[in-house]
Amino acid sequence: MNNKLQLRRAALLLVLLGAAFAGLGYRLVDLQVLRHDELSAKEQRNTEHEFRQAPKRGDILDVNGNLLATSVPVKTVCADPSLISTQAYAVAQLIAPLLKLNEAAIAQKLTPRTFVANNAEGELVTNQLHYVRLAKNVSEPTWQRIYAAMTNFTVDLEGRKLSRSEQESLNNLRYHGLYAEADQLRVYPQGSLASQVVGFPASEETNVDGHFISRIVGRDGIELVMQNQLSGVDGWRVTETDKAQQEMVEWRGADVYAGDGMNVVLTIDSAVQNIVESALADALEKHTPKSITGIVMRPRTGEILAMASLPTFDPNQPGSILPETRNRVITDVVEPGSTFKIVVVSGALDRGAVKLTDEFDCEQGHFAYAGRVLHDHEAYGRLSVKSIITKSSNIGAAKIAIERLGDQALYDYAWNFGFGQRTLIPLPGEARGFLYPVKDWSKVSIAQIPMGHGVAVTRLQMLFAMAAIANNGLLMQPMIVNRLQMHDGRIVQQYVPQSVRQVISREASEQMIEALKTVPTAEGTAAEAGLKDYVVAGKTGTAQKAEHGVYVSGKYVSSFIGFFPADNPELCISVVMDEPKEGYYGGKVCGPVFHEIAERCASYLNIPPDAALVTNTPPLVADTLLRKGPNP
Amino acid sequence: MKVVLLCSMICGAAIGYVWQKGQLDRLGRQISERENRLRQLKNDNTRLVDQIDYLRSPVMLDRRSRELNLGLAPAQPLQVVRLVDLPPAPAAGEARQFAQRPAVGGMPGY
């Protein structure tokens, strides 16, 4: 009987245990097999985290490796208000002096609050706010001080002992209430130097899972044009974190380093740029023009050593970036005035239509043509072609075009010199200027265009046209980027000078240079531009400004473009002033600025002086050695 | 005896496993800390190198020389002594002359 009862009980127990095991088995299959994908993803979400590794944005350097733009690591200080809880004011009092921010504003940000949002299932739910940003661009030492202050944060307990949950909350507040996200700040160590070439960036933010990831994106200049090369490639790290969100290195999975951006090395020489900017600043003070621009380039290669436009801006201070601080060298077009005479005269010389000695009647300063009267600034009689350049005779230049060159040839030469088209310099916002086709010309166009009216050019186009004459008639492509290199100095891409086209023959350019040499002399229009130790060739320009289709008296664009040493050109320099107040003739206002820039650049770049001009030359070391004869 | 040995082995293996896990965790933290320190040092190094570069840049030197009123000015062309290439090396077979310092009387210079 007892045995039967025991057997029954044992059987019941067996059934119950079997049922329990069956239940557990089902649960096991349910968790491990049926819901495997869902639960495995949930587990991964809870433990695995993917961290973005931001690349360092590449630097921008001058040709000698001097820093023009770089990125420094900074912190964005963030907070979790839900952990700060009732201590918002105490924490604000602690960190406000370190962040140099208003205490009340920080306390307001730290105060816990809720917000309503849609959850994953699309239902409206109330959430606690876990993320606020307190400050950007905080330096590493400042963040270390904040972190130290927070870890020492204490609460006034009035003799009471903390409960376990209160101690846990305090620890959460101390170690996780505030945290820092890595960020970068773009810094320009040279301030406003070459700022229009270097450009400026902006911070672009994307919201990823409630956190903002900021990236530096170029907005102007090289920062914009070379965005892809400078920005680099993101890296990432898949890893697991503990409860305190500390990484568990032993569970680190994929770890792909970020590929830093490349350094962009410009052709700009910061010393030359400094010379140009300081000379332009002096001239700006003296003549108070609306703007003044200066460019220095090597005519043989097209390398631009300096490009400046005042007023300028400091990219470290975004508030200083205004429309009037744009890079006028490439964005603005103006009627060039007499500097454009180089086109008509060199074209006529190239065609063999004139010789430097050919003479034209300059009509004593008044020449009626196609219902208009052309004027010279002085009354000239017969002038040779060379003297037309020396004296900058409008009537002489017009007559060369009318009598020897013709409409189509004038247009073709202007086009071949690069007018009416972009130079393709790798900078944003370049204007193409205006050079109308012959069919759109009026009767008087052929008389106006040789003196630089009826066309609109950029300062860069005009400089490169002059540089083509200096370079035996060969027009070069402007170069502003010398090379791309890695942070360790490995060169990724080296840019080389490129020619565009042969505009005029070598012989024509030599004749043109002979004529241009007479401009910075006592007989010419730019005596102030001449140099003591170098022969300079150049051309002045003084163009009356047009407003609403009418030329306005008293408003001029004055310019001087020249190169030296004239027979072996090393540098070509352009100086242009928009509405100078004290004087307006190109030679008078821009000539001295050219002189200062050229003299200082020649000294800095160690350009050998013209032998013909140098007297009392110290003996060359080699001559001294040779004179000593063989050693005893 | 066998049971004791078996239990000791199992306990030893368990303790070893836990110790190893502890070591892994400790080393992981050390790696993490040193990675942060390395990153910080690299950043400091870059910052200081950049600072030196800036202080040595021509623009800064020019500015400082003006501020300190050192009276420095660019060299004039006449103040520059230029070196030119010496005549080409003699052809093979010709006696080669080497430049020598002029003999100075007295003791060899120190």
Side-chain angles (χ1 to χ4, degrees), chain A residues 56 59 61-62 64-67 70-73 140 144 182 187 189-191 193 242 246-252 269-275 277-278 487 532-534 599-604 606-610 613-626 628 630-632, chain B residues 20-37 39-63 65-66 72-87 95 97-104:
Chain A
K56 182 179 186 286
D59 296 336
L61 310 162
D62 84 342
N64 296 317
N66 294 306
L67 268 182
T70 188
S71 298
V72 294
E140 178 74 31
Q144 292 298 341
V187 173
Q190 314 276 4
L193 192 83
D242 60 14
Q246 296 292 318
E247 189 197 358
M248 297 164 75
V249 178
E250 65 271 30
W251 297 112
R252 190 179 284 177
D269 185 323
S270 57
V272 176
Q273 182 77 25
N274 187 44
I275 290 169
E277 288 192 13
S278 53
H487 281 270
K532 189 170 152 243
D533 301 305
Y534 304 91
E599 200 168 54
R600 290 179 64 189
C601 287
S603 171
Y604 167 70
N606 200 12
I607 298 171
D610 277 310
L613 296 182
V614 177
T615 52
N616 301 323
T617 315
L620 292 173
V621 173
D623 292 341
T624 315
L625 290 174
L626 291 172
K628 280 187 178 174
N631 290 309
Chain B
Q20 194 189 26
K21 281 285 174 190
Q23 284 293 93
L24 278 173
D25 184 60
R26 191 176 60 80
L27 289 171
R29 284 178 200 282
Q30 276 184 11
I31 289 170
S32 188
E33 277 169 20
R34 284 175 193 185
E35 278 177 347
N36 286 338
R37 178 86 182 123
R39 188 166 51 240
Q40 201 177 328
L41 288 172
K42 277 184 176 171
N43 289 342
D44 286 350
N45 190 43
T46 309
R47 184 173 53 79
L48 292 170
V49 167
D50 290 351
Q51 201 172 346
I52 290 172
D53 285 350
Y54 171 61
L55 292 172
R56 283 180 178 170
S57 69
V59 177
M60 184 63 188
L61 292 175
D62 181 54
R63 198 176 298 161
S65 73
R66 281 167 199 268
L72 296 173
Q76 296 303 305
L78 282 178
Q79 294 173 298
V80 180
V81 177
R82 290 167 202 286
L83 300 174
V84 293
D85 290 336
L86 288 168
Q97 291 183 335
F98 291 93
Q100 290 176 355
R101 285 183 182 281
V104 181

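Nothing here was measured: the structure is a model prediction, and the numbers come from that model. Just so we're on the same page: letters track the sequence lines, and every chain starts at 1.
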Checking [X] against chain B: side chain, backbone, both or neither under 4.5 Å from a heavy atom?
| X | answer |
| --- | --- |
| Asp269(A) | neither |
| Ile275(A) | neither |
| Glu277(A) | neither |
| Pro189(A) | both |
| Ser270(A) | both |

Heavy-atom cut-off 4.5 Å, strictly under: side chain, backbone, both or neither for [X] against chain A?
| X | value |
| --- | --- |
| Gln51(B) | neither |
| Lys21(B) | side chain |
| Arg26(B) | neither |
| Asp44(B) | neither |
| Asp50(B) | both |

- Item | Heavy-atom check, side chain of Glu140(A) versus side chain of Arg47(B), under 4.5 Å |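 They are not in contact (no side-chain heavy atoms under 4.5 Å apart), so the answer is no.
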
- Message: Please give me the minimum heavy-atom distance between Val249(A) and Gly28(B), naming the atom from each residue.
- Response: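 For Val249(A) versus Gly28(B), the nearest heavy atoms are CG2-O, 3.0 Å.
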
- Query: Can you tell which of Glu247(A), Met248(A), Arg600(A) has the highest number of heavy-atom pairs within less than 4.5 Å of chain B?
  - Reply: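 Result: the option with the highest number of such pairs is Arg600(A).
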
- Query: Among Gln273(A), His487(A), Glu250(A), who wins on heavy-atom pairs under 4.5 Å with chain B?
  - Reply: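 Greatest number of close heavy-atom pairs with chain B: Glu250(A).
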
